[in-house]
Amino acid sequence: MSKDIRPNRRTALLGDRPGSYAVARQVRVSPTKARRVVDLVRGMSVSDALVTLKFAPQAASDPVYKVLASAVANAANTDNLRSDDLYVSQAFVDEGVTMRRIRPRAKGSASRILKRSSHITVVVEPNPKEA
């Protein structure tokens, strides 16, 4: 019976460790472009990651910045953690729904346009060196 019960998201991401997470769903940026940005900040301290995202030239850095800021705010409000002590322990991008559009082509044919979206998840935890 217990293996039929799905664990909640916090347990799956953090277990019993302190920290927090944030998820942005249906972000209209392709997952491959968002993964390039997320790979930059994984493992960084939160302050360094926010500065990096603020000045990154990629368009996907803005939604990742918002998700990271939300995760930091969640950690401050729920676990009373300071943002100076946090680092990005996990950050990943999953594929969301794909909108399919049609573009007219020559001789009455059509080609499909795939407008991809992504789900961005960021997990922040206290730095283990300071604990």
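Position 1 is the first residue of the sequence, and the numbers go up from there. Side chains are part of it too, since the values below use all heavy atoms of this structure and drop only hydrogens, waters and symmetry mates.
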To check you understand the geometry: which heavy-atom pair defines the closest contact between Met44 and Ala49, and what is its length?
SD-CA, 3.8 Å
Whether the side chain of Arg116 engages the backbone of Val97 through a donor-acceptor N/O pair (distance < 3.5 Å, no angle test) should be reported.
no
Separation of Arg112 CZ from Arg105 CZ (nearest 0.5 Å)
14.5 Å
Quick one: does any side-chain atom of Gln90 pair with a main-chain N or O of Leu13 as donor and acceptor, under 3.5 Å?
yes
Single-linkage hydrophobic cluster Tyr65~Val27, side-chain heavy atoms < 4.5 angstrom
yes
Under 4.5 Å between side-chain heavy atoms, counting indirect links through other Ile/Leu/Val/Met/Phe/Trp/Tyr residues: same cluster for Leu40 and Val67 or not?
yes
Taking all atoms of both residues into account, what is the closest heavy-atom pair of Ser61 and Ala56, and its distance?
OG-O, 3.5 Å
For Tyr21, does its backbone N or O pair with a side-chain atom of Asn74 as donor and acceptor, under 3.5 Å?
yes
Tell me whether Phe92 is reachable from Val64 by hopping between hydrophobic residues (I, L, V, M, F, W, Y) whose side-chain heavy atoms are closer than 4.5 Å.
no
Under 3.5 Å, is there a donor-acceptor pair between the side chain of Arg100 and the main chain of Thr98?
yes
Val122 and Val23: same hydrophobic cluster, using ILVMFWY side-chain contacts below 4.5 Å?
no
With sequence neighbours left out, the residues meeting salt bridge (charged side-chain N to carboxylate O under 4.0 Å, His left out) with Asp94 are none
Considering all heavy atoms of both residues, which atom of Ser109 and which atom of Ala106 are nearest to each other, and what is their separation?
OG-O, 2.9 Å
Is a donor on one side and an acceptor on the other found under 3.5 Å between the side chain of Asp79 and the backbone of Gly19?
yes
Please check: side-chain N/O of Arg101 versus main-chain N/O of Lys115, any donor-acceptor pairing under 3.5 Å?
no
Return the minimal non-hydrogen interatomic distance between Leu14 and Val124, and the atom names on each side.
CD2-O, 4.5 Å
If you define the side chain from C-beta out and look only at heavy atoms, does anything of Tyr87 sit under 4.5 Å from Pro128?
yes
For atom CZ of Arg9, is the number of surrounding heavy atoms from other residues, nucleotides or ligands below 6.0 Å larger than 12?
no
Looking only at non-hydrogen atoms, find the nearest pair between Pro126 and Leu86 and report the distance.
N-CD2, 3.7 Å
Rounded distance [0.5 Å steps], CG in Asp62 versus NZ in Lys54:
9.5 Å
Co-membership, hydrophobic cluster, residues Val123 and Leu81, 4.5 Å side-chain:
no
Polar side-chain atom of His119 near backbone of Val93 as donor-acceptor pair, under 3.5 Å:
no
Non-hydrogen atoms of Arg42 and Asp39 that approach each other most closely:
NH1-OD1, 2.9 Å
Spacing of Glu95 atom CD and Arg35 atom CZ [to the nearest 0.5 Å]:
7.0 Å
Look up atom CZ in Arg17 and atom OG1 in Thr11, then write down how far apart they are to the nearest 0.5 Å.
11.0 Å
Any chance you could measure Met99, atom CE, to Ser117, atom OG, to the nearest 0.5 Å?
7.0 Å
